[in-house]
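Below: the structure, in structure tokens.
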Amino acid sequence: MDYKQLKTVKRQNKIKESKTDYVYYAICAFILFLLAVIVIYPLYYIVIASISDPDAVMTGDVWLYPIKVTFSGYAQLFNRDDIWRGYFNTLAYTLLGTAFNVVLTIPAGWALSRDYLPCRKFIMALLIVTMFFGGGLVPYVILCRSLGLYQNPLILIIGGGVSVYNVFMCKSFFQSNVPKEVLEAGLIDGAGEIRTFFDLVLPVAKSIISVMILFYAVGHWNNYIDAYIFSIDEQFYPLQTVLNGLLDANTGGEGEVVLEQMRAATQIKFTSIIIATVPILVIYPMVEKHFGQGVLVGSFK
């Protein structure tokens with residue numbers, strides 16, 4: 001059967017769609033279009049507002065395209081030394097903190113996925129309790145103070161080292177994606193637990209590792225409150241804390257300075273959002289191909 005005959009057979013066997021089907025497709029396309037607009041427009045508005053005249057933004061004239069384009073907001077932020085210092089601090093906290101989190105989470109998930117782990121059910125019960133009950137902020141600060149981590153930038157790296165939810169996600173992933181036959185083959189070849197983990201388990205865990213990196217990196221990147229809670233010195237402030245301080249400094253006031261402060265706060269608000277989110281938007285496509293598989297396979301069932 002040549003290509004033309006094969007194409008003719010496929011055309012004849014193709015299921016004909018009724019008018020109802022086309023109506024259904026049109027409704028689905030319209031709903032998806034609305035959802036896309038709902039998601040995309042706020043991002044678009046932030047971009048055009050960040051380069052528009054603050055007076056036009058405050059009066060609500062900016063909604064479809066920028067008005068009186070100006071980059072003064074970006075100039076104000078990038079000319080500040082504390083912004084660049086905050087960027088460097090945040091990069092350091094994110095890279096080191098994410099590595100620390102992943103090094104703890106992945107082995108913990110693998111260990112809990114093994115039925116022969118001693119006291120496995122008891123350990124899981126303890127972890128589950130921490131998901132629903134916590135000591136609160138004050139005991140946490142007291143504990144960190146006793147460990148010498150109060151007013152120490154190191155707390156921004158190792159604080160909250162493990163997320164129990166992420167550990168259980170990794171546990172579910174390993175249970176579903178590491179065949180017992182592979183582990184038995186490694187055992188026959190003389191591989192111990194450590195070699196099995198590094199040579200057989202980690203190579204098939206790229207998707208869940210990518211998801212963990214994304215989850216933890218976003219958490220570190222957006223963290224700003226811990227620097228206040230633990231009274232970190234200003235030179236070690238992460239970017240988000242610096243930007244939050246700038247917004248606070250440009251709000252309030254009396255008399256004639258109120259309007260100028262509102263204009264400055266409006267510019268800083270939108271430009272700071274762009275500055276703070278661009279790195280995450282750049283990183284996300286790099287791990288996106290693993291994200292769906294890791295979340296779906298490693299999620300709770």
Side-chain angles (χ1 to χ4, degrees), residues 93-150 152 154-180 182-183 186-187 192-226 229-230 287 290-301:
Y93 298 148
T94 301
L95 293 176
L96 297 177
T98 302
F100 179 74
N101 297 140
V102 173
V103 167
L104 293 180
T105 302
I106 298 298
W110 165 248
L112 289 175
S113 68
R114 302 300 91 196
D115 295 335
Y116 51 82
L117 175 69
C119 304
R120 174 173 173 267
K121 293 184 178 180
F122 177 72
I123 295 173
M124 290 181 60
L126 290 180
L127 293 176
I128 292 174
V129 168
T130 64
M131 296 180 67
F132 297 97
F133 304 97
L137 179 60
V138 174
Y140 178 54
V141 174
I142 293 175
L143 174 63
C144 292
R145 184 188 291 274
S146 64
L147 295 174
L149 295 174
Y150 191 75
N152 189 339
L154 189 61
I155 189 62
L156 302 178
I157 298 176
I158 66 176
V162 173
S163 167
V164 176
Y165 178 86
N166 290 342
V167 170
F168 283 129
M169 185 181 292
C170 294
K171 167 185 170 295
S172 179
F173 176 89
F174 289 130
Q175 287 177 330
S176 304
N177 289 268
V178 180
K180 292 182 179 180
V182 173
L183 300 178
L187 183 62
E193 291 292 339
I194 296 179
R195 186 174 179 182
T196 298
F197 177 72
F198 283 100
D199 292 349
L200 301 178
V201 176
L202 289 185
V204 300
K206 293 180 180 179
S207 58
I208 194 65
I209 293 175
S210 299
V211 173
M212 293 299 103
I213 290 175
L214 180 63
F215 283 0
Y216 283 121
V218 171
H220 283 288
W221 186 268
N222 291 330
N223 184 18
Y224 78 95
I225 194 64
D226 284 356
I229 293 175
F230 295 98
V287 298
H290 302 294
F291 185 77
Q293 179 185 357
V295 171
L296 292 177
V297 178
S299 60
F300 293 111
K301 297 182 179 179

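Keep in mind it's a predicted model, so treat the numbers as computed, not measured. Values below: every heavy atom of this structure, side chains too, minus hydrogens, waters and symmetry copies. Residue numbers count from 1 along this sequence.
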Determine whether Val204 and Val178 satisfy the following criterion, side-chain contact (heavy atoms from CB on, under 4.5 Å), listing intermediate values before the conclusion.
CA-CA 8 Å; Val204 300; Val178 180; 4.2 Å; yes
Go through it in stages, so that I can follow the logic: the residues are Val102 and Ile213, the test is side-chain contact (heavy atoms from CB on, under 4.5 Å), and I'd like the CA-CA distance, side-chain angles, deciding distance and then a yes or no.
CA-CA 7 Å; Val102 173; Ile213 290 175; 3.9 Å; yes
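Side-chain atoms of Asn223 and Leu156, non-hydrogen and from C-beta on, do get closer than 4.5 Å to each other. Phe230 places a side-chain heavy atom less than 4.5 Å from the side chain of Cys144. Side-chain contact between Phe122 and Leu126 is present, with at least one heavy-atom pair separated by less than 4.5 Å. Within the 4.5 Å cutoff, side-chain heavy atoms of Leu112 are placed close to those of Leu127.
Ile142 is linked by a side chain to side chain contact (heavy atoms under 4.5 Å, CB included) to Val138, counting only residues two or more places apart in sequence or in another chain. By the side chain to side chain contact (heavy atoms under 4.5 Å, CB included) test, Val218 pairs with Leu214, Asn222, Ile280, sequence neighbours left out. Ile128 meets the side chain to side chain contact (heavy atoms under 4.5 Å, CB included) test with Phe132, Phe168; sequence neighbours excluded. For Arg114, the salt bridge (charged side-chain N to carboxylate O under 4.0 Å, His left out) criterion is met by no residue, not counting sequence neighbours. A search for side chain to side chain donor-acceptor pair (under 3.5 Å) contacts involving Asp199 returns Arg195, not counting sequence neighbours. Evaluation of the side chain to side chain donor-acceptor pair (under 3.5 Å) rule for Thr105 yields Tyr216 as partners, not counting sequence neighbours. Contacts of Ala205 classified as side chain to side chain contact (heavy atoms under 4.5 Å, CB included), with partners at least two apart in sequence or in another chain: Phe173, Phe174, Ile208, Ile209. Take Tyr140 and apply the side chain to side chain donor-acceptor pair (under 3.5 Å) test, not counting sequence neighbours, and it matches no residue. Residues satisfying the salt bridge (charged side-chain N to carboxylate O under 4.0 Å, His left out) criterion with Arg145, sequence neighbours excluded, are absent altogether. Not counting sequence neighbours, Asn152 has no partner by the side chain to side chain donor-acceptor pair (under 3.5 Å) test.
A pairwise comparison of heavy atoms in Gly109 and Cys170 identifies CA-CB, 3.9 Å as the closest pair. Minimum interatomic distance between Ile157 and His220 (heavy atoms only, all atoms of both residues): O-CE1, 3.7 Å.
Around the CD1 atom of Ile194, the shell of radius 6.0 Å holds no more than 12 heavy atoms that belong to other residues, nucleotides or ligands.
Expressed to the nearest 0.5 Å, how far OH of Tyr150 lies from CD1 of Ile229 amounts to 9.5 Å. Expressed to the nearest 0.5 Å, how far CG of Leu147 lies from CD1 of Ile158 amounts to 8.0 Å.
Judged by distance alone, with hydrogens and angles left aside, the side-chain atoms of Ser172 form no donor-acceptor pair with the main-chain N or O of Met169 at under 3.5 Å.
Listed by first and then second residue, the salt bridge (charged side-chain N to carboxylate O under 4.0 Å, His left out) pairs involving residues 122-136 amount to none (not counting sequence neighbours). Pairs engaging residues 116-132 under the side chain to side chain donor-acceptor pair (under 3.5 Å) rule: Tyr116-Glu193 [sequence neighbours left out].
Only one option out of Asn101, Ile106, Thr98 pairs with Met212 in a side-chain contact (heavy atoms from CB on, under 4.5 Å); it is Ile106.
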